[in-house]
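Here, residue 1 is the first one in the sequence, and each next residue gets the next number. The basis for the numbers below is simple: all heavy atoms, side chains too, and nothing from hydrogens, waters or symmetry mates.
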Amino acid sequence: MSDRKPLMPKATAVWLVENTSLSFEQIAEFCGLHVLEVKGIADGDVAQGIKGLDPVTSNQLTRDEIEAAEKDASHSLKIAEPKVVIPEAATTKRGPRYTPVSRRHDRPNAVLWLLRNHPELKTSQIMRLVGTTKPTIAQIKDRTHWNSPNLVPQDPVTLGLCSQTDLDNEVKKAARRLERERREAHKEAIKAGTLLPTEETTAPPADDVAEEGFRPTAEIVQPKDAPEKREETPAEEEARVFAKLKELSSGSDDTSGKDEDA
């Protein structure tokens with residue numbers, strides 16, 4: 001069965017109830033209504049004053065389809081295929097939010113609140129939330145607005161200029177943007193490397209180099225990985241201990257020789 005429903009479901013149901021012997025279930029399924037709602041139409045409790053719409057003349061049903069459904073109660077009505085295919089309307093971007101006239105004087109206060117409490121928001125985001133213009137936001141930010149001394153920060157949700165859901169979505173979007181920019185900046189810093197130490201760049205040039213007029217300049221070098229510490233072998237450990245003992249023994253001999261001379 002097609003997902004398409006008749007153009008005027010309730011008016012179509014009124015006509016089918018009055019002019020056919022279809023069951024309530026068939027009419028409800030075809031029109032997308034509840035069975036009790038169709039029963040209410042038959043009893044006159046629902047859709048009072050609604051004129052029935054003939055689905056045959058509007059090319060939504062055929063006579064053969066109605067007759068087949070009247071003979072078989074389990075038959076589901078199928079809407080006729082349209083003769084002209086109407087393309088779906090392209091989704092347009094959401095424009096600036098409309099603000100009622102009675103609330104427009106509150107927009108500068110809401111902009112000031114957003115600038116102070118959510119500085120991460122872009123100008124375009126504030127424009128979507130409050131429905132103001134870019135020059136107005138710039139004037140409030142630079143304190144050149146004509147009413148700057150009298151502006152008081154006020155939550156746009158409390159003022160009814162936007163919903164809490166819209167504000168949360170914009171704040172989350174701004175947080176994701178800042179995190180993405182932070183990661184990109186970190187990658188660029190690693191890729192750029194580090195400068196040479198100050199001791200090397202400011203050291204006086206050698207004699208042979210100074211004659212040629214060479215002067216040291218800063219150079220970008222890639223960070224060097226720390227060398228891995230090699231594990232000491234038993235032979236090297238024994239030699240190191242022996243050298244330490246020998247050093248201690250020679251030191252004690254020198255001390256005793258000085259005492260004898262004294």
Any side-chain heavy-atom pair of [X] and [Y] under 4.5 Å:
X	Y	value
Glu67	Asp64	yes
Leu114	Leu167	yes
Thr20	Trp15	yes
His118	Trp113	yes
Ile27	Leu33	no
Phe30	Thr12	yes
Gln60	Leu53	yes
Val111	Thr136	no

Short question: side chain of [X], backbone of [Y] - any donor-acceptor pair under 3.5 Å?
X	Y	answer
Asp45	Gly40	no
Gln154	Asn109	no
Gln26	Ala69	yes
Glu170	Asp166	no

Looking at [Y] and [X], is any side-chain nitrogen of the basic one under 4.0 Å from a carboxylate oxygen of the acidic one?
X	Y	answer
Glu37	Lys10	yes
Glu236	Arg240	no
Arg176	Glu179	no

- Item | Set of residues satisfying ring pair (Phe, Tyr, Trp, His ring centres under 6.0 Å) with respect to His34, sequence neighbours excluded | none
- Query: Which heavy-atom pair separates Pro156 from Ala110 by the least distance, and what is that distance?
  - Reply: CB-CB, 3.8 Å
- Under a single-linkage definition using a 4.5 Å side-chain heavy-atom cutoff for Ile, Leu, Val, Met, Phe, Trp and Tyr, are Phe24 and Val46 assigned to the same hydrophobic cluster? yes
- Message: Is there a path of hydrophobic side-chain contacts, each under 4.5 Å between heavy atoms of I/L/V/M/F/W/Y residues, joining Leu61 to Leu7?
- Response: no
- Listed once per pair and sorted, the ring-ring contact (aromatic ring centres under 6.0 Å, His included) pairs that draw on residues 147-174, sequence neighbours left out: none
- Message: Assess the residue pair Asp54 and Asn19 against the criterion (side chain to side chain contact (heavy atoms under 4.5 Å, CB included)); give the C-alpha distance rounded to whole Å, side-chain angles, the decisive distance to 0.1 Å, and a yes or no.
- Response: CA-CA 9 Å; Asp54 186 357; Asn19 297 277; over 6 Å; no
- Message: Under the side-chain contact (heavy atoms from CB on, under 4.5 Å) test against Pro108, which residue among Leu151, Asn150, Thr132 passes?
- Response: Leu151
- Do other residues, nucleotides or ligands put more than 12 heavy atoms under 6.0 Å from Glu238 CD? no
